[in-house]
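Everything on this sheet refers to the single structure shown next.
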Amino acid sequence: MSELNSSFSIRKWSENDRPREKLLVKGKNSLTDSELIAILIGSGNRDESAVALSKRILASVDHQINSLGKLSIKQLMGFKGIGEAKAISIVAGLELGRRRKEEIVPIIPKISTSKDVFDILSPLIGDLEHEEFWVLYLNNSNKVLQKKQISVGGKTGTLVDPRIVFRYALEFNATSIILAHNHPSGSLTPSQSDKLLTQKLKQAGLSLDIKLLDHLIITEKEYFSFADEAIL
C-alpha cells in the first residue's frame, strides 16, 4: 500500500490492506491488535491510516491491550484523529472484551482457598482505577450462592453499610460471607479502616449466625487475605 493511500479511510485501501476484508477472508485470528483497533475507529487522519494511528496508540502503552483499556476517553482524544465517537468505540470494544473474560471465568462451585476468591473477583475489580467493595455469599458447604457489588468509591476508599451486606445475606439465605475490595494504588497492606470494617462486619455477622470467612484486598495480579495472615 502506497504512503498516499495510507492516509485515507479503509474504504479507499486496496482489498489486501483492509482489516475488515482480511477478517472476513482469513478470520479474526489473522488480524494484528492494531488492525482490530483500526476496525473500531474506521478511519485515521490526514497524515496516517487507521492502522498507523492504531499502532501509534498501542505504542503509547507499550503495546499492552490491558493498559490501553485503562485509558480514559479524554486521554484517547489526545491522539490526532481520535474524536469523542472514536474514543467511545475503543472504550466500548475493550470493555466488551473485559466482560467476555469475566463470563468465561468459571464460577468456582466451592471455595476452598483464598486463591479461589481471587480468581472469581480479580477480573471484576483487579484493574479498576477506583475502589469497589464486593461480597461473596456462600451456603454451609462453602458453595457460592451469589457475588454482589456493595459499594463504589474513589481512588482511596469506599463506604460500606453493614445493613446492606447482611440484607443480601438474608435474601440469599447465606450462612457465610467473604469480603473483598481492591486497592487501585497496588498496595496490599490493609489500612486501619480496612481492619476496623472487617471486625465490625464480623461482629454483626455473629448476631445473625452468618460467619465471616475472609476479607481479601485485591490488586491486578496479587491479593492479601486476612484469613491467611491470621488477622481475621
Side-chain angles (χ1 to χ4, degrees), residues 66-67 69-72 95 98-99 101-103 105-232:
N66 189 49
S67 297
K70 297 178 182 180
L71 296 184
S72 66
E95 174 62 13
R98 187 192 69 79
R99 294 185 185 189
K101 179 183 176 183
E102 173 192 333
E103 283 188 353
V105 172
I107 295 297
I108 301 171
K110 184 175 182 178
I111 300 296
S112 299
T113 67
S114 56
K115 179 65 163 54
D116 294 339
V117 180
F118 176 78
D119 289 341
I120 292 175
L121 294 177
S122 176
L124 294 173
I125 62 175
D127 64 354
L128 297 181
E129 299 278 336
H130 61 273
E131 278 198 18
E132 291 189 6
F133 192 93
W134 286 66
V135 177
L136 293 185
Y137 295 94
L138 290 75
N139 65 14
N140 57 6
S141 298
N142 284 355
K143 291 184 178 180
V144 178
L145 299 172
Q146 292 282 347
K147 59 179 184 290
K148 195 74 177 177
Q149 179 196 76
I150 302 300
S151 65
V152 177
K155 288 183 176 293
T156 58
T158 182
L159 297 175
V160 179
D161 187 341
R163 292 171 296 184
I164 295 177
V165 172
F166 289 101
R167 184 188 77 193
Y168 287 123
L170 295 172
E171 180 181 329
F172 301 143
N173 200 27
T175 58
S176 60
I177 60 173
I178 295 176
L179 316 174
H181 73 283
N182 63 308
H183 275 181
S185 66
S187 170
L188 290 174
T189 303
S191 66
Q192 186 62 24
S193 61
D194 291 337
K195 295 176 182 178
L196 291 173
L197 175 62
T198 302
Q199 291 304 313
K200 185 176 182 179
L201 291 172
K202 179 180 178 180
Q203 292 302 316
L206 289 176
S207 64
L208 295 171
D209 201 24
I210 298 173
K211 187 176 182 181
L212 174 59
L213 299 181
D214 202 355
H215 184 175
L216 269 67
I217 296 172
I218 293 175
T219 61
E220 192 167 1
K221 296 181 180 179
E222 299 175 289
Y223 67 94
F224 177 94
S225 163
F226 278 60
D228 289 355
E229 299 299 325
I231 59 172
L232 191 61

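Computed from heavy atoms alone, side chains included, the values below leave out hydrogens, waters and symmetry copies. These numbers were taken from a predicted model, which means no experiment stands behind them.
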Mark yes or no for whether T175, through its side chain, and N139, through its backbone, hold a donor-acceptor pair below 3.5 Å. yes
Evaluate the side-chain proximity of L196 to Q199: yes if any heavy-atom separation is below 4.5 Å, no if none is. no
Starting at CZ of F226, measure out to OG of S114 and round the result to the nearest 0.5 Å. 12.5 Å
Can you tell me how far the NZ atom of K115 sits from the CD1 atom of I120, to the nearest 0.5 Å? 11.0 Å
So do I218 and F118 actually touch side chain to side chain, heavy atoms under 4.5 Å? yes
Picking from I178, L136, N182, what satisfies side chain to side chain contact (heavy atoms under 4.5 Å, CB included) with L121? L136
For L179 and L212, work out which heavy atoms get closest and say how close. CG-CD1, 3.4 Å
So, S191 and S193: side-chain donor and acceptor under 3.5 Å apart, yes or no? yes
What is the distance from atom OG1 of T219 to atom NE2 of H183, rounded to the nearest 0.5 Å? 10.0 Å
Is Y137 close to L170 at the side-chain level, that is, under 4.5 Å between some pair of heavy atoms? no
Check this for me: L188, atom CG, are more than 12 non-hydrogen atoms of other residues, nucleotides or ligands nearer than 6.0 Å? yes
Salt bridge (Lys or Arg N to Asp or Glu O under 4.0 Å) contacts in which one or both residues fall within residues 216-232, not counting sequence neighbours: K70-E220
Heavy-atom nearest pair, L213 first then L138, reads CD1-CD2, 4.2 Å
Classify the side-chain pair D214/S225 by whether it contains a donor and acceptor separated by less than 3.5 Å. yes
Those residues that, when tested against F133, pass ring-ring contact (aromatic ring centres under 6.0 Å, His included) (two or more places apart): H215
Expected output: side-chain S187 to main-chain T189 donor-acceptor under 3.5 Å: yes
Could you tell me if the side chain of N142 sits less than 4.5 Å from the side chain of S176, heavy atoms only? yes
CD1 (I111) and OG (S141) are apart, to the nearest 0.5 Å, by 12.5 Å
Scan V135, D161, I210 and name whichever one has a side chain to side chain contact (heavy atoms under 4.5 Å, CB included) with F166. I210
Side chain of E129, backbone of G154: donor and acceptor closer than 3.5 Å? no
OG/S151 to CG/L159 distance, rounded to the nearest 0.5 angstrom? 7.0 Å
Taking the side chain as every heavy atom from C-beta outward, state whether W134 and V117 have any pair of such atoms under 4.5 Å apart. no
From R98 atom CZ to D127 atom CG, the distance as rounded to the nearest 0.5 Å: 7.0 Å
Is there a donor in the side chain of Y223 and an acceptor in the side chain of S122, or the other way round, less than 3.5 Å apart? no
Check I125, V152, T158 against E131 for a side chain to side chain contact (heavy atoms under 4.5 Å, CB included) and give me the one that passes. T158
Keeping Y168 on the side-chain end and K147 on the backbone end, is there a donor-acceptor pair under 3.5 Å? no
Could you name each residue pair satisfying salt bridge (Lys or Arg N to Asp or Glu O under 4.0 Å) that touches residues 190-208, not counting sequence neighbours? none
